[in-house]
Amino acid sequence: MEPTIVVHGGAWAVPDSLAEASVAGVKAAARDGFAILKIGGSALDAVELAERALEDDLAAFDAGCGAVLNTDGEVELDGKTLAAGAVSSVRNITHPVTLARAVMEKTDHIMLTDRGASQFAESIGITTVPTDALMTESERREWEHYKKYAVGVKELFNSQWGHDTVGAVALDHRGNLACVTSTGGIRNKMVGRVGDTSIIVSGGYDDDQSGAVSCTGHGESIMKVTLARLILFNMELGKLARDAVDVSLAYMGERVQGGGGAIAIAPSGDWAARFTTQRMVWATAKGESLFYGLDPQDMFEEKLSK
């Protein structure tokens, strides 16, 4: 089986001012994850490492430190790794994806939230930080400018201030698949709002017999159609990953008028990165090549260093 990793940095109207940094960020994350796969590492280890790189990248993404703020000016992060662990509404964790993996591996549960998730993190030695440490001055200024939730949802989504989900899917040499998704949500969301990211079958889904998917876009729309599971359903019907994502995103647009994107990989190694928003930054490492794009129809390629 030829190892492959695909990462995305969120489907929205990525402004030109962030384009270069966003492309560089997903390319670096894909390389980091692929380095694990090249030495025989697991798909789960690869996607976690790639996701941590995206969560740490303040120049382009804000799914971890620098995440958008809720109506009370607080950070609330969601994260998920499959199969299957999730956290939501965490305020003092730098890497929600790592905490989500710990939920999967060290508890009998699938999802922990808010105070309970933080207590669990402390009990297993995951470092917690003051909430203020996850805020940036630039995000605080934007929060001051857009304080109403209605404005945040209706006007900010798919604008240059709209979205910050990051995700990764991978196939390792044993044929195992894995996916992760992490987000800070949408600016000025209601306190306690949980989006699609941490919801199994919506923000992401993984089945070694079908494929792995990580979604991005308007969370409420994604949850209404259980987008990740819908994409895998279409792959199970025999569609290529590209066609399965396209038809599923079209369905979401028709039924609930929601925009978004997704990355997907099949057990065969067939992969896709597709979106209906203005832009979605993504990168794929496979074989000796790194593929990447930002605008619709982009498919750039460069050689991976030995």
Side-chain angles (χ1 to χ4, degrees), residues 1-12 14 18-64 79-82 95 97-98 101 163-173 176-183 204 206 211-216 241-242 245 261-266 268-275 279-306:
M1 195 65 64
E2 186 172 27
T4 305
I5 188 167
V6 190
V7 304
H8 74 76
W12 57 298
V14 181
L18 288 179
E20 184 176 353
S22 297
V23 171
V26 293
K27 288 167 66 176
R31 289 191 188 98
D32 286 351
F34 193 62
I36 298 295
L37 297 176
K38 280 181 26 176
I39 62 174
S42 72
L44 184 57
D45 287 341
V47 293
E48 181 186 3
L49 184 62
E51 194 80 345
R52 288 175 64 99
L54 294 168
E55 290 173 342
D56 282 339
D57 191 342
L58 290 179
F61 312 113
D62 49 9
K80 174 175 67 251
T81 181
L82 290 177
H95 295 293
V97 63
T98 296
R101 179 173 180 174
H163 212 260
D164 63 348
T165 300
V166 295
V169 297
L171 171 71
D172 63 31
H173 74 285
N176 296 319
L177 294 164
C179 80
V180 293
T181 312
S182 179
T183 189
D206 167 29
V213 178
S214 173
C215 299
T216 171
R242 174 190 178 104
V245 175
I263 54 175
I265 187 167
S268 65
D270 172 45
W271 62 271
R274 306 288 291 169
F275 54 97
R279 283 173 158 176
M280 183 182 81
V281 63
W282 61 271
T284 301
K286 182 174 185 175
E288 299 181 355
S289 295
L290 180 72
F291 306 91
Y292 61 94
L294 173 65
D295 292 305
Q297 310 308 318
D298 278 356
M299 179 64 79
F300 302 111
E301 180 181 0
E302 61 186 49
K303 292 299 180 183
L304 289 165
S305 58
K306 296 291 186 180

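Throughout, residue positions are numbered sequentially from 1 according to the sequence presented.
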Kindly indicate whether the side chain of His8, heavy atoms from C-beta on, has any atom under 4.5 Å from the side chain of Leu54. no
Under 4.5 Å between any side-chain heavy atoms of Lys286 and Pro3, yes or no? no
Which atom pair, heavy atoms only, marks the closest approach of Gly41 to His173? O-ND1, 4.4 Å
Go through Glu302 and Ser289 one step at a time and tell me if the side-chain contact (heavy atoms from CB on, under 4.5 Å) criterion holds. CA-CA 6 Å; Glu302 61 186 49; Ser289 295; over 6 Å; no
Flag side-chain contact, heavy atom, 4.5 Å: Leu290 against Phe34: no
How far apart are the closest heavy atoms of Ala272 and Val6, and which atoms are they? O-CG1, 4.3 Å
Do the side chains of Trp271 and Val169 get nearer than 4.5 Å, heavy atoms only? no
Short question: side chain of Asp206, backbone of Ala212 - any donor-acceptor pair under 3.5 Å? no
Taking Glu2's backbone N and O only, do any of them form a donor-acceptor pair with Thr4's side chain (distance below 3.5 Å, no angle check)? yes
Identified side chain to side chain contact (heavy atoms under 4.5 Å, CB included) counterpart of Asp172 within the set Ile36, Leu44, Ile5, Leu37: Leu37
Atom CD in Glu20, atom CG in Leu294: separation rounded to 0.5 Å? 11.5 Å
Is the backbone N or O of Ala11 less than 3.5 Å from a side-chain atom of Thr216, with the two atoms forming a donor-acceptor pair by type? yes
List the atom of Leu177, the atom of Ala43, and the distance in Å for their closest heavy-atom pair. C-CB, 4.0 Å
4.5 Å side-chain heavy-atom contact, Asp56 and His95: yes
Nearest-0.5 Å distance that lies between atom CD in Glu288 and atom CG in Leu304: 8.5 Å
Scanning both residues in full, the closest heavy-atom pair of Gly261 with Met280 reads CA-SD, 4.0 Å
Val47 side chain reached by Glu51 side chain, heavy atoms, under 4.5 Å: no
Taken to the nearest 0.5 Å, the spacing of Asp298 CG from Arg279 CZ works out to 8.5 Å
Output yes when a side-chain donor or acceptor of Asp57 lies under 3.5 Å from a complementary backbone atom of Phe61, and no otherwise. no
With a 4.5 Å heavy-atom cut-off, do Val213 and Cys215 have their side chains touching? yes
On a heavy-atom basis, which atom in Gly9 and which in Trp12 lie closest, and how many Å separate them? O-NE1, 4.1 Å
Tightest non-hydrogen contact, residues Leu171 and Met1, listed as CD2-CG, 3.6 Å
Measure the CG-CZ distance between Asp45 and Arg101 for me, rounded to the nearest 0.5 Å. 4.5 Å
Let me confirm one number: the CD-OG1 distance from Glu301 to Thr284, rounded to the nearest 0.5 Å. 11.0 Å
Point-to-point distance, once rounded to the nearest 0.5 Å, from CE of Met299 to OH of Tyr292: 12.0 Å
